[in-house]
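Worksheet: the structure to be examined is printed underneath.
A note on names: the letters A, B, ... follow the listed sequences, proteins ahead of strands, and every chain is numbered from 1. For clarity, every value in this text was computed on a predicted model and none was experimentally measured.
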Number of protein chains: 2
Amino acid sequence: MPATIRDVARLAGVSPSTVSRALSLPHVVNPTTRARVMAAADSLGYAPNKAARGLITGRTGNIGLVVPDLANPFFPSVVKGVQARAVESDVAVFLADSDEDAAAEIGLVRALAKQVDGLILCSPRSSDHELIGIAQETNVVLINRLVEGVPAVTFDNEEGMRLAVDHLVALGHRRIAWVGGPKASWSNRHRKIGLYSAVHDHRVELAPVGSFQPTYEGGMAAADQVVATRATAVIAYNDLVAIGLLARLHARGISVPDDLSVVGIDDIAMSRMARPALTTVRLPKQKSGRLAVELLLGLLEDRDPGSISLRATLHGELMVRASSGVAPDSAHP
Amino acid sequence: MPATIRDVARLAGVSPSTVSRALSLPHVVNPTTRARVMAAADSLGYAPNKAARGLITGRTGNIGLVVPDLANPFFPSVVKGVQARAVESDVAVFLADSDEDAAAEIGLVRALAKQVDGLILCSPRSSDHELIGIAQETNVVLINRLVEGVPAVTFDNEEGMRLAVDHLVALGHRRIAWVGGPKASWSNRHRKIGLYSAVHDHRVELAPVGSFQPTYEGGMAAADQVVATRATAVIAYNDLVAIGLLARLHARGISVPDDLSVVGIDDIAMSRMARPALTTVRLPKQKSGRLAVELLLGLLEDRDPGSISLRATLHGELMVRASSGVAPDSAHP
DNA sequence: ACGTGTGCTGCAAAGGATTGCAGTGATCAA
DNA sequence: TTGATCACTGCAATCCTTTGCAGCACACGT
């Protein structure tokens, strides 16, 4: 039903080859001819069939994006960034949601791999081994995960946690609780490292309360243990957990930030709207998506690796809001 | 790099045609041959090239999904539903975000239309006229929008508002404020209709306070006008607006639900976590996505229209939470 | 022994676009 | 006038699959 290159050729009175060249290599065809072709093309509303082109050029002009769970407010932001950057380069995006399931993730990747030029895997749940395997077969860029030899854009988690700790220490806190995320999580590991290093440097106490689900419920579950540590501040694995903490603390009549300061990391939209508004470390989520696309597009240009940078690290920014305040007993220690 | 049908054919000692048939029409090839082909195929990890197949069959096995804004928590749920249903039928999904821009929306549709079997447009911002035009060229299913002659899955907004009003009236409220959404919005129009009809039937007063952005900020902006109406309850255009109301009311020292009950519609994840938790009408968002895919797949099967239902209406469910309570003066009217 | 039917399989075209190579015609120099 | 150069343009092959049609071999009935 849509116009083909032949229709345009016939209407312009030239051969299909000329149409193809007029559109993609404008300088090699006679300006008069080109004008005629152009006119014919947009009188028919012609646009080349990407699939057909892909067959011969080996490039589809499509990329794939896999995320663990769109219901987690972190990921839509990343998707949006990928989207925005992709349309700028006239690239279409396949989206897949693995539902936090590593096996499903692999399946989606396999299904997508054949019809895209490259893949962006955001916070992949698969093992390093599997990811390396995938990276050998396809062009891959990781977001929020680092694997030997695979291009990636990551957040500086260590620095982010340091920002949080610096902030709390400046407010006079000397004993800080930590609500950890899933043990298997790459970012949990790195956040923890940054945290330990920061508290060590400041010579303040750390009270870890274990691993929890990275959800609102996880935060609710962790709250009582946090209270039991007698810390005056708590840093949560992420904002969702922090908001869960806020809810449970309120229910128990513990005042934030007067009795306890709460700090998260991510800065999802919800954090601004929490009560009290959540102090957190803003991670440039959309930017990570944009950057991943740029990395991927770069990979596709020069086939020779090494010519372009394969790593990008994004920095967080402390957003001081109402959930953090001076330590309760800092006036009379 | 990936194996082609010819590689499989060579390995199995048959012609490409036989391979093709062995995989898609198993009953027409000799069982022995088929076994040999199968073995060859998965020893090479062969999967047919969708683009090449699409070229000849006219079916790509891909669908497109366009949403106005992924940052709005309503849409990721829909996307997730579409996704989930699509993978079940081995269909891949192109996702595009129009950023609330009608012109961009059309552009994305045009770009996508050529490489998909059909399109799902969620809450499209374009005019009826444009949508009809698109529907003529491509298979289209709308979500959350009704246009003459175009298949669609919608929510029963009228009924949803009635649920909200019934609830408030039962709690003794006699004067209800309404914070409207964007004038151009299809769902705003229908929610308003349902609302007017419900309050009319119950013979209670309605105090509309105008149109606001469908955002947290919109809700903040509307709050003071709501208070000025002296209504004892307010229904917001959606949950985001309701949560904005909650925030501003709290800031002004107005207690919810003691002084004022607040009800939203959508039931986004955030609503459960609001303080107080928001009473709202849950719209089956994921389900709408699943259903849209089914409708679209149905359209692709039988080309003859009329054989399948072109419309689906989904019903909301009242989620009573802490933001609504008995009317303040209902004990002594 | 011959014709017919049956069950598989292969040939070749088609689908839309790109691209190396060859051909056309014009222009210019000798 | 002829030969060479140049700027364009067209032919045809190619990418990977699918599918209508034809062909082959075999078995069976007569």
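Counting to the nearest Å, the P atom of D:dT19 and the NE2 atom of B:His27 are 12 Å from each other. The CD1 atom of B:Ile5 sits 11 Å away from the P atom of D:dT19 (whole-angstrom rounding). A:Asn49 has its CG atom 13 Å from the C1' atom of D:dC15, to the nearest Å. Put simply, CZ on B:Arg59 is 23 Å from P on D:dC16, counting in whole angstrom units.
With a 4.5 Å cut-off on side-chain heavy atoms, B:Ser185 and B:Pro214 do not count as touching.
No hydrogens or angles considered: a donor-acceptor pair under 3.5 Å links the side chains of B:Arg85 and B:Ser89. In this model, a donor atom of one side chain and an acceptor atom of the other lie less than 3.5 Å apart for B:Gln115 and A:Asn62.
Remark: the backbone N or O of B:Ile268 is not paired with any side-chain donor or acceptor of B:Asp266 at under 3.5 angstrom.
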Pair up each side-chain donor or acceptor in residues 142-156 of chain A with any protein partner under 3.5 Å, not counting sequence neighbours, and list the distances.
from     : atom 1 : to       : atom 2 : distance (Å)
A:Asn144 : ND2    : A:Ser123 : OG     : 3.0
A:Arg145 : NH1    : A:Pro124 : O      : 2.8
A:Arg145 : NH1    : A:Ser126 : O      : 3.0
A:Arg145 : NH2    : A:Ser126 : O      : 2.9
A:Arg145 : NH2    : A:Asp128 : OD1    : 2.6
A:Asp156 : OD1    : A:Glu158 : N      : 3.4
A:Asp156 : OD1    : A:Glu159 : N      : 2.9

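Heavy atoms of other residues, nucleotides or ligands lying less than 6.0 angstrom from NZ of B:Lys287 number 12 at most.
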Set out, line by line, the N/O atom pairs under 3.5 Å between protein and nucleotides 9-15 of chain C.
from   : atom 1 : to      : atom 2 : distance (Å)
C:dT9  : OP1    : B:Thr33 : OG1    : 2.3
C:dT9  : OP2    : B:Asn30 : N      : 3.0
C:dG10 : OP2    : B:Ser15 : N      : 3.0
C:dG10 : OP2    : B:Ser15 : OG     : 3.2
C:dG10 : OP2    : B:Thr18 : OG1    : 2.5
C:dG10 : N7     : B:Arg21 : NH2    : 2.7
C:dG10 : O6     : B:Arg21 : NH1    : 3.1
C:dG10 : O6     : B:Arg21 : NH2    : 3.0
C:dC11 : N4     : B:Ser17 : OG     : 3.0
C:dG15 : N2     : B:Ala52 : O      : 3.3

